[in-house]
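The structure under discussion appears below in the form of structure tokens.
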Protein chains: 2
Amino acid sequence: MHEFKYIGNELHCETVKISDIAKKVDTPFYLYSYKTLLDHYYKLKKAFSSINPLICFSMKANSNLAVLRALIKEGAGLDIVSGGELYKALRIGANPKRIVYASVGKTDKEIREAIKNKILLFNVESVPELDLINTVAQKLKRKVDVSLRINPGVEVDTHNFIATARQDNKFGLDLDTVKFLFSNLKRMSNVNLIGVHIHIGSQITESHPFIEAINIISSFVDELKKDGVRLKYFNIGGGLGIIYREETPQTAQGFAKAVLPYLKKLRLKIILEPGRFICGNAGILVTGVLYIKDTRFKRFIIVDAGMNDLIRPALYDAYHEILPIVESKFKSQNLEKADIVGPICESADFLAKERPMPRLESGDLLAVMGAGAYGFSMSSNYNSRPRCAEVMVIRGKFYVVKKAESYKDLVKGEIIPKVLR
Amino acid sequence: MHEFKYIGNELHCETVKISDIAKKVDTPFYLYSYKTLLDHYYKLKKAFSSINPLICFSMKANSNLAVLRALIKEGAGLDIVSGGELYKALRIGANPKRIVYASVGKTDKEIREAIKNKILLFNVESVPELDLINTVAQKLKRKVDVSLRINPGVEVDTHNFIATARQDNKFGLDLDTVKFLFSNLKRMSNVNLIGVHIHIGSQITESHPFIEAINIISSFVDELKKDGVRLKYFNIGGGLGIIYREETPQTAQGFAKAVLPYLKKLRLKIILEPGRFICGNAGILVTGVLYIKDTRFKRFIIVDAGMNDLIRPALYDAYHEILPIVESKFKSQNLEKADIVGPICESADFLAKERPMPRLESGDLLAVMGAGAYGFSMSSNYNSRPRCAEVMVIRGKFYVVKKAESYKDLVKGEIIPKVLR
């Protein structure tokens, strides 16, 4: 569910007419609904209320400061994956004790920053990383809490690029290694192994892979108990799917109902790391039609948003629904198939292919739906295109929460050596 | 050919030890060889010297100001695709009369800027675009020169995403439309149709698709002549392939030898738009090893460069050779297959898969070869990672030509509305 709906003939974000925003903000721009963000957060919170989990929003999905601020004000924690995300988290006043840090490639510097700022937990992905965290903690004369990310080796039905729990991918540790680490705790003077972590992938629409993974972890936690090892945290990661097209993903409630019986038995503090589930459908990309190009083979609707703005269709072959801002455009005419493409000079630059679309005109506005996750956060300056603005509607008003870049921003930090002048 | 070679035991960029640069510049960083850039430019220039073409470097491949400056100092023109590229071109003092402008999605504003700055030519990709250019030129009381991009419908053997001359892609105009436009010149009061343009794709290693396309255009130009239409320019685009792996691309000389007989007959000013050919092998990405992670299934070499720095492996399944900076690392040991992956939290984040590699250690440096084109220009801040530095070696010295971004750069332009504070 989300708050982008037609009222009268016009698509609105909550109560605000999107065409009114487009009069003030140049297209393309990302548009977020504050209410939708919070709704999704609270759906999850309520569904799991019986165990009061720590819900850490996965910043990599959307690291806009206003989005983060909106969520932490409601009590959300943050799931970070880099020093840059830690910086942004601290900048919006996030409580470090609600920050967990995952990534297969944490650097020495990043680990130091995270320890100094007293984050809740590192999610550790390899033995050498654990050694490095221990070494850095030693130097800083600190003892730090660590969760081990276990790769449970479950198969999930999602895009290869976002499946993360197969045995042959780079994430997490296999159970044997984790067992070895727990039985050799003394070699780690400056880390407390107090949790386990899984993250089986992204955009998963069913509960059974989660249950399968949780069961693997549960037996393991039981084994540890017998050996006298008491854990504090079980982080079940993120990965909850959303509706892009005709998916019928589990609801937060359905998901909770399926996994809660297993989780409750563990008697551990549960951590969730939702990203897409919270922000995916809370954002759209608003783009303007530049040209209609009819060829003998195809109609192309050329718009002002390119793969530099939204790379998901090119990179993941992702489907995004595309709606006209003026509803009657769609209703009053016969639809014809068209490719909706951007201005970038390569064939990868498309938003949709063979999509039934009405006859549009230059200047018409379109909404690329479900663009709140992995949209702006993956955008680039490819083709020397300044990155677009991000806008948020909050209680009946819209706010530019990130200004569009200027041409000048494109050359920031560039220096032509004197010998070339 | 390029200037990244082992001297003694160490990989050098021209005469500079890469490990010495890495002592001063944090990894990852892009490293360009000035000499290689110029060598490639001059190879093309010499091969085509008998017709003295205008060689317009395709900025989208690499728009670093120092790279551009190095080339325009030698007389190169520029092939631009956006207002941002025009801005950068003018900033380094490029002569607008050596700038050609292609893109299926030129905006009103971009067209105005280009006309005001008196670029040489628009490469026009659709009828509504031609109409818009005419309208804008009318308003500015100017008459502007235009080339029509013809889609000759030839098949080339390259990645789908960079094949641009198939009949069903978004680029160019079919011949019938172009004929119609030439026979209805009077409706276009403010444009001169004085050229034709083709660009059949990227990373093409053989000459026959070029010859096929040139022949289609030649017969068309002959037809036009009979109708009394005299053209001035024939732009044969870019697309020359380079060696990433075991390709045996045509040399500049071989390519020229194959196409010159056809081009000479045309008696038009020839424009070339090489990008990758000039800068592809003139740049590498230097990255440091963070962790070696051995699992039961695979060895992972986790490095500090991610898909945000170089997206070609994920997006195009591109192959990049990966060399150790210290050569003996490779020579003295048995090689074992490993995946070379970055720190980013998704499975798409890899530089190489199943690559025979020696036993490496944290801190070892690797060179990702052939990263000079579509490397930095496609980089992003995904996972809130600051974009890395770009460095150029010029006559025995290295220069940071773009500073690495800071954490602070990650939040530039972001504004948290008061209601969220």
Side-chain angles (χ1 to χ4, degrees), chain A residues 60 63 65-66 69-70 81-82 84-85 87-88 91 103-105 126 128-129 160-164 167-170 174 290-291 293 295-298 300 302 315 341-343 345-348 377-380 382-386 394 399 401-403 407 410-411 413-417 419-420, chain B residues 60 63 65-66 69-70 81-82 84-85 87-88 91 103-105 126 128-129 160-164 167-170 174 290-291 293 295-298 300 302 315 341-343 345-348 377-380 382-386 394 399 401-403 407 410-411 413-417 419-420:
Chain A
K60 63 180 180 295
S63 64
L65 296 184
R69 180 74 195 157
V81 297
S82 72
E85 289 195 351
Y87 173 83
K88 293 188 95 172
R91 183 134 176 154
S103 157
V104 298
S126 71
E129 181 198 329
N160 264 336
F161 281 178
I162 51 178
T164 53
Q167 294 277 21
D168 63 345
N169 75 33
K170 67 180 181 182
D174 62 72
L290 293 173
Y291 301 109
K293 177 171 175 179
T295 74
R296 269 181 297 173
F297 294 86
K298 222 172 220 183
F300 295 96
I302 300 170
L315 186 60
V341 301
C345 290
E346 66 179 84
S347 301
S377 73
M378 301 188 84
S379 69
S380 76
Y382 187 40
N383 276 209
S384 295
R385 287 166 53 83
I394 308 171
Y399 301 85
V401 290
K402 186 169 197 292
K403 283 188 252 182
Y407 286 157
L410 296 174
V411 297
E414 293 205 53
I415 310 148
I416 301 174
V419 288
L420 293 182
Chain B
K60 64 181 178 293
S63 64
L65 296 184
R69 180 74 196 159
V81 296
S82 71
E85 289 195 351
Y87 172 84
K88 294 189 94 171
R91 185 136 175 151
S103 158
V104 298
S126 70
E129 182 199 328
N160 264 337
F161 280 179
I162 51 180
T164 53
Q167 294 277 22
D168 63 346
N169 74 34
K170 68 181 179 182
D174 63 73
L290 293 173
Y291 302 108
K293 176 170 175 178
T295 74
R296 271 181 296 173
F297 295 87
K298 222 172 223 183
F300 295 95
I302 299 169
L315 186 60
V341 300
C345 290
E346 65 180 84
S347 300
S377 74
M378 300 187 85
S379 69
S380 76
Y382 187 40
N383 276 208
S384 296
R385 286 167 52 84
I394 308 171
Y399 301 85
V401 291
K402 186 170 199 293
K403 284 189 251 181
Y407 287 157
L410 296 174
V411 297
E414 293 205 52
I415 310 148
I416 300 175
V419 289
L420 293 182

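Throughout, a chain's letter reflects where its sequence line sits, starting with A, and its residues are numbered from 1.
Looking only at heavy-atom pairs under 4.5 Å with chain B, the residue among A:Ser384, A:Ser377, A:Gly84 that has the most is A:Ser384. With chain A as the partner, the residue from B:Lys298, B:Lys60, B:Met378 showing the most heavy-atom pairs under 4.5 Å is B:Met378. Ranked by heavy-atom pairs under 4.5 Å with chain A, the first of B:Val401, B:Ile416, B:Ile302 is B:Val401. Taking A:Ala66, A:Pro128, A:Pro386 one by one and counting their heavy-atom pairs under 4.5 Å with chain B, the maximum is reached by A:Pro128.
Contact of the B:Val419 side chain with the A:Tyr399 side chain is registered, since non-hydrogen atoms from C-beta on lie closer than 4.5 Å.
A salt bridge is defined here as a Lys NZ or Arg NE, NH1 or NH2 lying under 4.0 Å from an Asp or Glu carboxylate O, and B:Lys88 with A:Glu414 meets this definition.
The two residues B:Arg296 and A:Asp174 have their closest heavy-atom pair at NH2-CB, 3.6 Å. Closest non-hydrogen pair, B:Val104 versus A:Pro343, comes out as CG2-CA, 4.0 Å. B:Cys345 approaches A:Ser103 most closely through the heavy-atom pair SG-CA, 3.8 Å.
Taking OG from A:Ser63 and CG from B:Asn383, the interatomic distance works out to 9.0 Å, rounded to the nearest 0.5 Å. Taken to the nearest 0.5 Å, the CZ atom of A:Arg91 stands 10.0 Å off from the CG atom of B:Leu410.
Remark: B:Tyr407 pairs with A:Tyr87 by the ring-ring contact (aromatic ring centres under 6.0 Å, His included) rule, at least two apart or across chains. Residues passing the side chain to side chain contact (heavy atoms under 4.5 Å, CB included) test with B:Ser379, sequence neighbours excluded: B:Phe376, B:Arg387.
No side-chain donor-acceptor contact under 3.5 Å links B:Ser82 to the backbone of A:Arg385. Formation of a donor-acceptor pair under 3.5 Å by the A:Lys170 side chain with backbone atoms of B:Gly342 is found in this model.
The 12-atom threshold is not exceeded at NZ of A:Lys403, counting heavy atoms of other residues, nucleotides or ligands nearer than 6.0 Å.
For B:Leu290, the part lying under 4.5 angstrom from a heavy atom of chain A is the side chain only. Interface remark: A:Ile394 contributes side-chain atoms only to the contact with chain B (heavy atom separation under 4.5 Å).
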